[in-house]
Structures are given as C-alpha cells and as structure tokens.
Visitor: 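Please find one structure pasted underneath; my questions will follow.
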Amino acid sequence: MSLRQNPAPDPAANLAVISDEIAAALKEAGRPQDAVTITAVAKKHGRARILPALKAGHRVYGENRVQEAAGKWPALKDEFPDIELRLIGPLQSNKAADAVRLFDTIETVDRPKIAKALAREMDRQARNPRLLIQVNVGEEPQKAGILPKDADRFVAQCRDEIGLVVEGLMCIPPINEPPALYFALLAKIAEANGLETLSMGMSSDYLVAAQLGATHVRIGTAIFGPRLDGEPES
Ligand SMILES: *Cc1c(COP(=O)(O)O)cnc(C)c1O
C-alpha cells in the first residue's frame, strides 16, 4: 500500500520517503531536484508529533488556523529559530495582526479586504511575510479563494493599488476529481502574472503536483498520520 494512505508512525521516516518520491517525480518531469519544498502540515497534531520532524532537520511547516498556531509555534520557534511557518487556511481580517506576527508566509490572500488588512499590519509591525494568493480553481461555493476569472485583476490590485509583493499562488482542487487540470490552470495563471511560487498538492496528489510545476506541496496525513477530526472545509 502507498505511504500516502498508510504512513509509518515516525514522521521523520515518512518525510524521507516522500522526499525520495518527489525527487524521482521531478527527475522524470525534467525539473531540478530542489524544485519542490515540502510544507509539513501539522494542524491538529501536538508538539510531541512535530518534534521528531524538527529534530530530523525539517523546517517548513503549515497550519490552517491562526489560533491553533499561536498556541503551538512560538515555543517551537524559540527552540528552532529557522522554522518557516506557513498559513494555509482561510484568514479573517480581525486575525491579520496575529497572522503577520506569527507566520513567515501567508498563502491564503483572497480578497481586497484581507490584502488591505495585511498591508496595514505589515506596515505597523515592520514585518514582511511572503504572500500567496489563493485561487478557487474549481469555483466551489464552499471554498475560499479568488475565482480564476478574477485572479489577474486581483493580483494587479494587490501589487499596484495595495502595494503588496505577491510571490505566488495556492490552490486546493475539488476532492474526488483528478487534480491535473486544476494544477495546470494554477500554473497558467501564475505564468500570465509573472509569479514563480506555486503551492499545490496534498497527501493524495503531491507527485502529480510536483510534475506539473509545484514549488511547494502541503502534506499532512502522509507525514503525521490521520488527524483526530475530519478534513477542513477550505
Ligand atoms: C490540511 C491541509 C493540507 C494537508 O492535507 P493532507 O491531505 O493531510 O495532506 C493541505 N492544504 C490545506 C490547505 C490543508 O488545510
């Protein structure tokens, strides 16, 4: 059975296997061996589960809730100062201050109100997390993200009007559909806007994403095992 459905108990061992798999997929696709960074998605997992990955040298982690991250990561960041923490879940503007304080990358900018709140906070705190725009590639009503048809305009608005540096795009394709067309759509929007960073691919489809141009894959279950609660909505 694939590691993706049946991870081993040790997160560090899973990370090593996944890295090898991704390296092979990149080679096959003719992409550089270091083209993809693994964001280890640690939501709903505690310190004890995260520490083995940190001790094995992994430094890039994702969380989908500001509140949960605020309880967990400040202490870990004190111990491992070179951690990169990435926000991969929806952001409310009343959490913008906490998000700017805590996260090194925010992947889920998806509307002018959030972009403006982040710009204000980044100014106030003199902190500059890297920013990605989330695109709702499947145009699903329950999901966060700017619609594909509005993406070019929103990127331009973030850059020209709000004064943000946009580093790239992020997406969560519809579940139960082959993801390749959605990954290709995200890559196309990125290229049209001169954006280099593409956060796409999760436990079930990170190899497809690696082959289609992902620079970051967000992997939770295949590294840390099942979460106690169900999957997030968006
Ligand atoms: C939870 C989550 C992931 C990781 O999902 P897995 O299937 O456990 O790998 C990736 N991206 C986002 C936005 C998530 O919320």
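Atoms considered below: every heavy atom in the structure, side chains included; atoms not considered: hydrogens, waters and symmetry mates. First listed ligand is number 1; within each ligand, the first listed atom is number 1.
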Visitor: Is a side-chain donor or acceptor of T108 paired with a backbone partner of G89 at a separation under 3.5 angstrom?
Guide: yes
Visitor: Tell me whether ligand 1 is touched by E107 - counting only heavy atoms on the residue side and a distance under 4.0 Å.
Guide: no
Visitor: Donor-acceptor pairs under 3.5 Å, side chain of residues 53-63 to any protein atom, not counting sequence neighbours: which ones?
Guide:
residue : atom : partner : partner atom : Å
H58     : NE2  : I38     : O            : 3.0
H58     : NE2  : V60     : O            : 2.9
R59     : NE   : D82     : OD1          : 2.9
R59     : NE   : D82     : OD2          : 3.4
R59     : NH1  : L54     : O            : 2.7
Y61     : OH   : L54     : N            : 3.2
Y61     : OH   : H58     : O            : 2.9
E63     : OE2  : K72     : NZ           : 2.8
E63     : OE2  : W73     : NE1          : 2.8

Visitor: Check each atom of ligand 1 against the heavy atoms of I219 and keep those under 4.0 Å away; list them by number with element.
Guide: 9 (O)
Visitor: For the residue pair T105 / E84, report whether a side-chain donor-acceptor contact shorter than 3.5 Å exists.
Guide: yes
Visitor: Can a donor-acceptor pair be found, under 3.5 Å and without considering hydrogens, that links the side chain of E107 to the backbone of R86?
Guide: no
Visitor: Could you list which atoms of ligand 1 come closer than 4.0 Å to a heavy atom of T221?
Guide: 6 (P), 7 (O), 8 (O), 9 (O)
Visitor: Is there at least one pair of N or O atoms, one from G220 and one from ligand 1, spaced under 3.5 Å apart?
Guide: yes
Visitor: Examine distances only and state if a side-chain atom of R127 and a backbone atom of F103 form a donor-acceptor pair shorter than 3.5 Å.
Guide: yes
Visitor: Any atoms of ligand 1 less than 4.0 Å from a non-hydrogen atom of I172? List them with their elements.
Guide: 13 (C)
Visitor: Quick check against the 3.5 Å criterion: does N136 have a side-chain atom that pairs as donor or acceptor with the backbone of L147?
Guide: no
Visitor: Ignoring hydrogens, just give me the one of K43, Q134, M170 whose non-hydrogen atom is nearest atom 2 (C) of ligand 1.
Guide: K43
Visitor: Can you find an N or O of S203 that's nearer than 3.5 Å to an N or O of ligand 1?
Guide: yes
Visitor: Could you tell me, atom by atom, which parts of ligand 1 come under 4.0 Å of a heavy atom of R218?
Guide: 4 (C), 9 (O), 10 (C), 11 (N), 12 (C), 13 (C)
